[in-house]
Amino acid sequence: MKYIPVIIILALVLIIIIAIFCGVMYIRNKTREVSRALFGTSDVSQAARKMKQEYSSTPKSVSAMTSLLLPKIVADFPDFQYDEMKERAENILTSYLCAITERNSSLLQDGNTELKNQLENHIQMLSAKDLREYFQQVKIHRTEICQYRKTEGRCIITFQSSLECYHYITNINNSSSIQEGSKDCKHQTRYNTDLIYIQDRNLVEDERDHALGVNCPNCGAPISSLGAKVCEYCGTPVIEINIHAWSFSNVEEV
C-alpha cells in the first residue's frame with residue numbers, strides 16, 4: 001500500500017508528458033499544414049526562407065495623395081511643374097544615399113543648406129562610431145506626393161518614394177564585418193523627401209523656425225497666394241520683391 005502514492009505520482013507525470021508530447025505534435029502538424037498551404041512546402045525553415053525572399057522582393061506601398069493634393073498646389077503655384085519636381089526628388093534621394101555610401105557629401109546633386117548639413121552630420125556620426133553605411137543598386141519603384149503643408153510665406157511638399165536596395169552597415173576598417181543589414185538580401189523601404197518653397201531664402205535658412213509674412217509693397221495688403229505674381233487688391237507686381245525658390249530640405253526613411 002505504501003507504494004500507491006508513488007505510483008499515482010508517476011502516472012500523473014506520465015500523463016503530463018504524454019499531453020505535452022501530443023500538444024507539441026499537434027502544433028507541429030498544424031504549422032506544417034499552414035506552411036504547406038501558404039508556401040507549398042511543409043519544411044518550416046524553407047518556408048521561412050521563402051517568406052523572407054518574398055518580403056525582400058515586394059515593393060513597399062506609398063501614400064499616394066498626388067491626385068488630391070496636386071490641384072491645390074497648382075492653385076497656389078500655377079507654374080509648378082510636377083513631373084520636373086518629381087524627377088528632382090528622385091535624383092535628390094538617390095544622390096543622398098550615394099553620398100552616404102561614398103562618404104562624400106559633395107555627391108549630393110541638389111538641396112539647401114539644411115539638407116547638406118543633415119547629410120554631413122549623418123556621415124560624421126557613422127565615422128565617429130567607426131561604421132560605414134552602404135546603399136547599393138538603388139531602384140525607385142514609385143514616387144507620389146503624400147503631404148502638402150502651408151504656413152505664411154512658405155510651404156512644404158513631401159514626396160514619398162518606394163525603393164529597393166542592398167543596405168548594410170559594416171565596421172569602417174573591416175567591410176566583411178556586417179553590423180546591420182545584408183549584402184545578399186534586398187531591402188524594401190520608403191523615404192520622404194521634402195520640397196520647400198520660400199519667399200526669402202536667406203531668412204528662412206538662417207531662422208528656420210520663423211514663417212514669413214509677405215505684403216504688397218504698394219498697398220500693404222497681405223499676399224494670400226504663395227505663388228502670386230501681382231497683388232489681388234491693387235494689381236501691383238510682387239514677383240520682383242520675392243526670391244522665388246524651390247529647394248529640397250529633408251530626406252528621411254519612413
Side-chain angles (χ1 to χ4, degrees), residues 28 31 35 38-63 86-144 146-147 156 158-196 205 208 247-254:
R28 182 180 179 183
T31 302
S35 175
L38 293 177
F39 304 104
T41 176
S42 58
D43 187 331
V44 177
S45 60
Q46 185 178 353
R49 287 193 296 271
K50 283 189 174 182
M51 183 171 65
K52 183 178 180 180
Q53 184 178 9
E54 181 179 346
Y55 180 79
S56 68
S57 61
T58 303
K60 293 271 191 178
S61 61
V62 296
S63 178
K86 175 182 173 181
E87 182 177 358
R88 283 180 62 188
E90 292 181 342
N91 289 338
I92 275 282
L93 177 55
T94 53
S95 65
Y96 185 91
L97 300 181
C98 178
I100 293 175
T101 300
E102 299 299 329
R103 294 183 296 168
N104 183 357
S105 60
S106 67
L107 295 178
L108 184 64
Q109 295 180 358
D110 199 350
N112 61 14
T113 301
E114 185 178 358
L115 182 60
K116 293 174 182 176
N117 289 340
Q118 177 188 337
L119 173 60
E120 290 172 356
N121 290 338
H122 186 85
I123 295 173
Q124 290 172 6
M125 177 196 68
L126 289 168
S127 180
K129 296 179 180 179
D130 292 328
L131 297 175
R132 183 170 180 180
E133 188 171 13
Y134 293 84
F135 297 89
Q136 296 183 332
Q137 298 183 34
V138 176
K139 178 183 177 182
I140 296 178
H141 298 293
R142 184 181 181 186
T143 299
E144 298 283 350
C146 71
Q147 197 172 21
I156 302 174
T158 301
F159 289 91
Q160 188 169 99
S161 298
S162 168
L163 65 83
E164 70 177 28
C165 63
Y166 290 98
H167 173 242
Y168 54 95
I169 298 175
T170 70
N171 184 280
I172 200 169
N173 298 315
N174 183 3
S175 60
S176 62
S177 175
I178 297 180
Q179 309 295 312
E180 182 182 323
S182 171
K183 290 184 178 182
D184 305 314
C185 186
K186 288 182 179 178
H187 177 55
Q188 301 287 342
T189 186
R190 286 184 298 261
Y191 275 86
N192 282 354
T193 306
D194 287 343
L195 175 65
I196 290 186
E205 288 188 346
R208 284 186 282 271
S247 62
F248 290 91
S249 67
N250 183 59
V251 171
E252 63 178 339
E253 188 173 17
V254 292

Would you say Ser162's side chain and Lys60's backbone share a donor-acceptor pair under 3.5 angstrom?
yes
Working to the nearest 0.5 Å, report the span between NE2 of His167 and OG1 of Thr189.
8.5 Å
Can you confirm whether the side chains of Glu144 and Gln160 place a donor and an acceptor under 3.5 Å from each other?
no
Enclosure of Glu120 CD (heavy-atom neighbours >12, cutoff 6.0 Å)
yes
How about Asp110 and Asn91: do any of their side-chain heavy atoms sit closer than 4.5 Å?
no
Side-chain contact test, heavy atoms from C-beta onward, threshold under 4.5 Å: evaluate it for Gln188 versus His141 and give yes or no.
yes
State the OG-NZ distance between Ser176 and Lys183, to the nearest 0.5 angstrom.
6.5 Å
Mind listing the closest non-hydrogen atom pair of Ser106 and Asn104 along with its distance?
OG-OD1, 2.6 Å
Between Thr101 and Phe135 the two heavy atoms that sit nearest each other are OG1-N, 2.8 Å
Is it true that a side-chain atom of Gln137 and a backbone atom of Tyr166 form a donor plus acceptor pair closer than 3.5 Å?
no
Would you compute the distance between atom CG of Asn174 and atom CD1 of Ile172 and round it to the nearest 0.5 angstrom?
11.5 Å
Using a 6.0 Å cut-off, check whether atom NZ of Lys139 has over 12 heavy atoms from anything other than its own residue.
no
Which atom of Arg142 lies closest to which atom of Val62, heavy atoms considered:
CD-CG2, 3.8 Å
Do Ser95 and Leu108 pass the side chain to side chain contact (heavy atoms under 4.5 Å, CB included) test, and can you show the C-alpha distance, the side-chain angles, and the key distance before you say yes or no?
CA-CA 5 Å; Ser95 65; Leu108 184 64; 3.7 Å; yes
Give, for atom CD1 of Ile169 and atom CG of Leu126, the distance between the pair rounded to the nearest 0.5 Å.
6.5 Å
Glu102 and Arg132: side chain to side chain contact (heavy atoms under 4.5 Å, CB included), yes or no, with the steps?
CA-CA 9 Å; Glu102 299 299 329; Arg132 183 170 180 180; 4.2 Å; yes
Can you see which heavy atom on Gln179 is nearest to which on Thr170, and at what distance?
CG-C, 4.1 Å
Indicate the atoms forming the closest heavy-atom contact of Leu163 with Leu97, along with that distance.
CD2-CD1, 4.2 Å
For the CG atom of Leu115 and the CD1 atom of Ile92, what is their distance to the nearest 0.5 Å?
5.5 Å
Within the distance-only criterion (no hydrogens, no angle test), does the side chain of Arg190 pair as donor or acceptor with the backbone N or O of Ser61 below 3.5 angstrom?
yes
Taking it one step at a time, do His187 and Tyr168 satisfy side chain to side chain contact (heavy atoms under 4.5 Å, CB included)?
CA-CA 9 Å; His187 177 55; Tyr168 54 95; over 6 Å; no
Set out, in order, the CA-CA distance, both residues' side-chain angles and the distance that settles side chain to side chain contact (heavy atoms under 4.5 Å, CB included) for Phe159 and Glu90, then state yes or no.
CA-CA 9 Å; Phe159 289 91; Glu90 292 181 342; over 6 Å; no
If you compare all heavy atoms of Asp194 against all heavy atoms of Thr158, which two are closest, and at what distance to 0.1 Å?
OD1-OG1, 2.7 Å
Spacing of Asn192 atom CG and Thr143 atom OG1 [to the nearest 0.5 Å]:
10.5 Å
